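Contents: one structure, followed by commentary.
None of the values given here were measured: they were computed from a predicted structure. Atoms considered below: every heavy atom in the structure, side chains included; atoms not considered: hydrogens, waters and symmetry mates. Numbered from 1 within each chain, the chains take letters A, B, ... in sequence-line order.
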There are 2 protein chains.
Amino acid sequence: MLYACFMSSALPPFPPSQEPLDIPQLLEVGMGPEEPCLRADAARNRARLLEAAARLIAEHGVAGVTMEAVAAAAQVGKGTVFRRFGDRTGLLMALLDHSDRKLQADFLGGPPPLGPGALPLERLRAFGVAVLYRRVEQLDLHLAAQMEPTRRFSHPAVTALRTHIAMLLRQIVPEADCELLSQTLLNSLDPALIHHQTRQCGMPMERLESGWIDLVARVTGTRAPD
Amino acid sequence: MLYACFMSSALPPFPPSQEPLDIPQLLEVGMGPEEPCLRADAARNRARLLEAAARLIAEHGVAGVTMEAVAAAAQVGKGTVFRRFGDRTGLLMALLDHSDRKLQADFLGGPPPLGPGALPLERLRAFGVAVLYRRVEQLDLHLAAQMEPTRRFSHPAVTALRTHIAMLLRQIVPEADCELLSQTLLNSLDPALIHHQTRQCGMPMERLESGWIDLVARVTGTRAPD
DNA sequence: TTACGATCCGGACCGAGGTCCGCTTAATTT
DNA sequence: AAATTAAGCGGACCTCGGTCCGGATCGTAA
């Protein structure tokens with residue numbers, strides 16, 4: 001009744017922190033109870049599905065990632081895909097899981113200015129820039145995975161980012177409504193917005209980058225006078 | 001070959017303005033060339049479809065607005081719905097058109113603090129609050145109409161809002177990247193975000209409202225010291 | 001009034017996401 | 001090793017958004 005437990009789909013829950021707790025070990029905490037611990041065949045199929053999906057993306061772009069196509073490419077029934085990932089969004093999210101964990105590890109325990117060791121303001125700047133570029137790297141995937149407004153903000157990976165921003169904000173502007181501000185700030189890095197700005201408005205990444213820096217400065221009230 | 005022209009679906013294009021041009025007449029400008037001017041039967045069917053859709057929403061919620069259901073309720077073929085509105089999003093957008101125009105009229109030519117006559121900063125504050133409440137009023141509709149990240153930012157109604165913010169910003173912080181800032185600010189009023197904050201996080205509207213006020217103050221650097 | 005052409009209409013058709021349920025298989029227990 | 005059971009599997013099936021094209025209709029011009 002207890003199966004080998006690996007390749008979890010969702011990020012581990014990020015405990016709400018009032019204090020700057022930047023322990024890398026956090027990444028490993030809390031994976032116990034809510035990870036279903038797949039059966040051997042299920043885990044194997046899961047891996048094959050993810051691999052197949054990645055291959056399909058590489059070959060035909062995100063639009064080519066049809067649930068039936070993925071199932072066929074993985075030589076698996078269609079129902080299996082849905083059983084494992086819930087829906088298409090879940091599958092795409094799972095594909096982004098690796099990058100998400102990497103980013104999370106970077107700002108939780110990596111070197112400054114992203115990780116602990118730098119000033120909160122510097123970390124916040126670096127954080128936004130990091131998110132920006134990593135999202136651009138896989139923009140199509142992010143866009144495709146972003147349908148459905150409901151889960152967009154409650155996904156663990158997004159929650160982790162928001163919580164991190166909130167923590168940094170609390171160290172910089174403790175008197176502000178950091179919960180709200182963190183949501184606002186993170187939302188300004190919305191993949192759909194990035195897509196619009198870069199691809200539809202033709203803004204270069206440098207502009208978005210300095211836009212984030214400027215926004216942080218304004219929001220935290222740490223603007224150098226012009 | 002020239003038909004009666006009424007009940008246009010899209011908002012009139014909002015000409016890019018460097019100067020504060022707040023003439024109500026703007027609402028009527030530019031409706032000429034790109035409005036197709038429907039044929040009589042087409043216009044009649046269009047009206048029936050919108051009415052049917054509204055009725056369906058009232059009865060079964062937004063989820064009940066199926067293209068086939070709307071067509072059936074309007075006693076019209078399914079193809080007609082798509083011909084007229086392009087897709088489901090288009091239909092839902094058209095349903096929001098009235099509110100959009102009203103809001104636009106309010107901040108273009110209505111009484112202060114929303115309309116011209118008040119200080120730019122006051123107008124910006126009032127603008128966000130107005131958008132906030134109007135979106136909450138029809139939140140489900142806004143959410144359903146918001147699928148597809150591509151058109152979310154390029155729709156005329158959204159563009160109009162963003163342009164207006166940009167115009168106000170230029171009067172307050174001319175040295176800033178107002179284009180970018182306006183997108184950021186408007187995105188902080190994203191219906192999906194509002195949904196998450198009010199319904200998933202349980203934040204009261206007052207908090208969102210003061211959050212906007214505070215955000216505007218921070219972004220424009222007009223914060224009163226605590 | 002009649003003829004003409006552009007526009008529109010309708011519903012059959014398709015593809016893809018998502019559900020369901022009977023069957024299979026892996027892990028556990030005796 | 002055999003029995004038990006929870007989990008997984010597969011693919012038929014459904015719904016719904018979106019497309020297409022032959023035929024009907026409207027507005028116009030002769």
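- For the side-chain contact (heavy atoms from CB on, under 4.5 Å) test, no residue two or more places apart in sequence or in another chain qualifies with Arg83(A).
- Across dC8(C), dG18(D), dG10(C), the shortest atom-to-atom separation from the side chain of Val76(B) is found for dG10(C).
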Just the atom pairs and distances: protein N or O near nucleotides 12-16 of chain D's N or O, under 3.5 Å.
none

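- For Asp214(A), the salt bridge (charged side-chain N to carboxylate O under 4.0 Å, His left out) partners at least two apart in sequence or on another chain are Arg218(A), Arg223(A).
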Quick test: give all pairs of protein nitrogen or oxygen and nucleotides 21-25 of chain D nitrogen or oxygen below 3.5 Å, distance rounded to 0.1 Å.
unit_1  : atom_1 : unit_2   : atom_2 : d
dT25(D) : O2     : Arg39(B) : NH1    : 3.2
dT25(D) : O2     : Arg39(B) : NH2    : 3.1

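- Separating the CG atom of Leu38(A) from the C1' atom of dA26(C) is a distance of 13 Å, rounded to the nearest angstrom.
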For residues 140-149 of chain A, which side-chain donor-acceptor pairs fall under 3.5 Å, sequence neighbours excluded?
unit_1    : atom_1 : unit_2    : atom_2 : d
Asp140(A) : OD1    : Arg199(A) : NH1    : 2.8
His142(A) : ND1    : Gln138(A) : O      : 3.3
Gln146(A) : NE2    : Asp190(A) : OD1    : 2.4
Glu148(A) : OE1    : Arg151(A) : NE     : 3.3
Glu148(A) : OE1    : Arg151(A) : NH2    : 2.7

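- For the salt bridge (charged side-chain N to carboxylate O under 4.0 Å, His left out) test, residues two or more places apart in sequence or in another chain that qualify with Arg162(B) are Glu179(B).
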Without placing hydrogens or testing angles, list every side-chain donor-acceptor pair under 3.5 Å for residues 52-76 of chain B, not counting sequence neighbours.
unit_1   : atom_1 : unit_2   : atom_2 : d
Gln75(B) : OE1    : Arg48(B) : NH2    : 3.4

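- What separates CZ of Arg46(A) from P of dA7(D) is a distance of 17 Å, to the nearest Å.
- Residues meeting the salt bridge (charged side-chain N to carboxylate O under 4.0 Å, His left out) test with Arg125(B), sequence neighbours left out: none.
- Note: CZ (Phe82(B)) to P (dC8(C)) measures 17 Å, nearest angstrom.
- Annotation: ring pair (Phe, Tyr, Trp, His ring centres under 6.0 Å) contacts of Phe153(B) (sequence neighbours excluded): His196(A).
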